[in-house]
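Only heavy atoms go into these numbers, but all of them, side chains included; no hydrogens, no water, no symmetry mates. Whatever order the structure lists ligands and atoms in, that order sets their numbers, starting from 1.
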Amino acid sequence: MTTIQHTQPVLIDKFNRVVDYIRISVTDRCDFRCVYCMDDEMQFVPRAQLLTLEEISTIARAFTELGVKKIRITGGEPLVRRNIIKLFEDLGSLPGLYELVTTTNGSQLVKLAQPLKDAGVKRINISLDSLDVDKFKRITRVGDLNQVLAGIETAREVGFEKIKLNAVILKNRNDDEIIDLVNYASERGMDISFIEEMPLGVIGDHDRAEAYYSSDEIKRDLEQEFKLIPTTETTGGPSKYFKIAETGTRVGFISPHSHNFCDQCNRVRLTCEGRLLLCLGQEHSVDLRKVIRAHPGNDEKLKQAIKDSMLIKPKGHDFNLKEQPIIFRHMNVTGG
Ligand code: SAM
Ligand code: SF4
């Protein structure tokens with residue numbers, strides 16, 4: 001990754017927020033079926049409707065030429081998409097890109113951690129909601145905890161600059177594991193972020209309002225065991241960070257309900273079908289697949305469509321756990 005200095009940001013929305021980060025969902029498929037993310041009966045996007053890896057590269061390059069500095073590859077489970085390492089290699093050599101990162105459930109890392117590192121990925125996020133085999137299966141429906149733990153060990157061995165764990169905490173499912181998860185991260189020199197469940201898509205498993213466990217409750221639980229020092233650190237995302245005084249571990253809280261973060265939003269999302277979503281919690285979008293398929297090889301049309309999209313980036317989300325979801329897209333389509 002070489003660096004090009006953009007003196008003037010190009011992508012600026014109506015609220016003067018600079019967009020310099022894109023999250024790309026490369027597939028909506030996954031080898032897990034986490035209860036907060038998917039229904040147990042999911043309809044996946046037909047393969048012909050998915051962006052090809054070449055189309056994803058073209059769109060990613062256009063974004064970097066418009067000043068985007070960070071790309072996160074996500075899904076679904078990004079590492080189950082065929083030939084995915086080729087995409088990482090292509091993106092890893094894009095001029096102007098400072099950071100190529102990914103979010104994974106960890107199931108493929110024994111095999112793919114080294115190729116990811118070799119392609120230029122420096123930091124990875126791995127989702128881990130439980131350290132108990134049965135609870136892990138209950139939350140992921142089909143996941144194998146030991147496979148994920150082995151993947152985390154491989155990721156540590158290949159030497160990424162940073163590994164961060166992500167945990168979604170649900171009341172009466174895994175809220176008793178908060179301290180164990182922090183200890184697990186601390187002992188391995190990893191950071192951890194706790195995410196409040198968001199109402200994306202209809203899920204059959206539980207009532208989201210009943211399972212809600214707030215960041216403030218998680219923080220209160222941690223303070224029974226550790227001293228938490230607030231930090232002003234930011235990774236350019238919605239996490240609020242604290243440091244555990246005893247271990248130096250960084251703990252983040254992503255709190256879409258209790259602490260809205262929209263005023264500093266710097267990101268957009270590309271779905272696996274090529275829909276550019278301007279907000280996680282709203283439906284404002286532009287069909288970039290249509291643009292590139294109508295004008296193959298015409299990067300200017302693509303870039304103009306991206307620039308124009310800034311006009312419809314909404315001010316923020318208005319998630320409400322007590323109502324039926326107004327967003328019918330599941331997180332695996334959106335790209336978390
Ligand atoms: N499969 C990968 C994984 O699980 O890390 C990447 C995609 S997943 C959609 C990205 C992140 O979104 C994960 O950390 C997951 O826990 C989180 N997530 C999924 N559905 C969510 C929801 N409804 N609310 C909050 N976080 C969610
Ligand atoms: Fe798959 Fe990630 Fe969704 Fe779990 S959170 S079902 S691992 S995409």
* Asked: Is the closest side-chain heavy-atom distance between Leu109 and Leu116 below 4.5 Å?
  -> yes
* Asked: Is any side-chain heavy atom of Tyr213 closer than 4.5 Å to a side-chain heavy atom of Ile178?
  -> yes
* Please assess Asp31 against Gln108 for the test side-chain contact (heavy atoms from CB on, under 4.5 Å), listing each intermediate value before the final yes or no. => CA-CA 10 Å; Asp31 48 348; Gln108 308 301 311; 3.2 Å; yes
For [atom], find the nearest protein heavy atom and state the residue, atom name and distance (0.1 Å precision).
{"atom": "atom 1 (Fe) of ligand 2", "answer": "Cys30 SG, 2.3 Å"}
{"atom": "atom 6 (S) of ligand 2", "answer": "Cys34 N, 3.2 Å"}
{"atom": "atom 3 (Fe) of ligand 2", "answer": "Cys37 SG, 2.4 Å"}

* Regarding Lys70 and the six-membered ring of Tyr21, is the cationic atom NZ or CZ under 6.0 Å from the ring centre and inside 45° of its axis? -> yes
Can you confirm, on distance only, whether ligand 1 has an N/O atom lying under 3.5 Å from any N/O atom belonging to [X]?
{"X": "Met198", "result": "yes"}
{"X": "Glu197", "result": "no"}
{"X": "Ser127", "result": "yes"}
{"X": "Thr74", "result": "no"}
{"X": "Tyr36", "result": "yes"}

* Distance in Å, Asp129 CG paired with Thr140 OG1, rounded so as to fall on 0.5 Å steps -> 8.5 Å
* Asked: Looking only at heavy atoms of Gly76, does any of them come nearer than 4.0 Å to an atom of ligand 1?
  -> yes
* To do: Say whether Met38 and ligand 1 are in contact under the criterion: heavy-atom distance to a ligand atom below 4.0 Å.
  => no
* To do: Please check if Val110 and Leu145 belong to a single hydrophobic cluster, counting links between Ile, Leu, Val, Met, Phe, Trp and Tyr side chain heavy atoms closer than 4.5 Å.
  => no
* To do: Determine, using heavy atoms of Ser127 and all atoms of ligand 2, whether some pair is separated by less than 4.0 Å.
  => no
* For ligand 1, which atoms, with element, lie under 4.0 Å from some heavy atom of Gly75? -> 7 (C), 9 (C)
* Structure fact -> Atoms of ligand 1 under 4.0 Å from any heavy atom of Arg208, numbered from 1 in the order shown, are 23 (N)
* Can any side-chain N or O of Arg156 pair as donor or acceptor with the backbone N or O of Gly189 at less than 3.5 Å? -> no
* To do: Indicate yes or no for a side-chain donor-acceptor contact from Glu217 to the backbone of Ser214 under 3.5 Å, with no hydrogens or angles considered.
  => yes
* To do: State whether Arg123 and Asp191 are salt-bridged, where the test is any N-O pair (Lys NZ or Arg NE/NH1/NH2 against Asp/Glu carboxylate O) under 4.0 Å.
  => no
* Structure fact -> One finds that the ligand 2 atoms under 4.0 Å from a non-hydrogen atom of Gly76 are 8 (S)
* Evaluating non-hydrogen atoms only, which member of Lys164, Glu77, Arg72 is closest to atom 2 (C) of ligand 1? -> Glu77
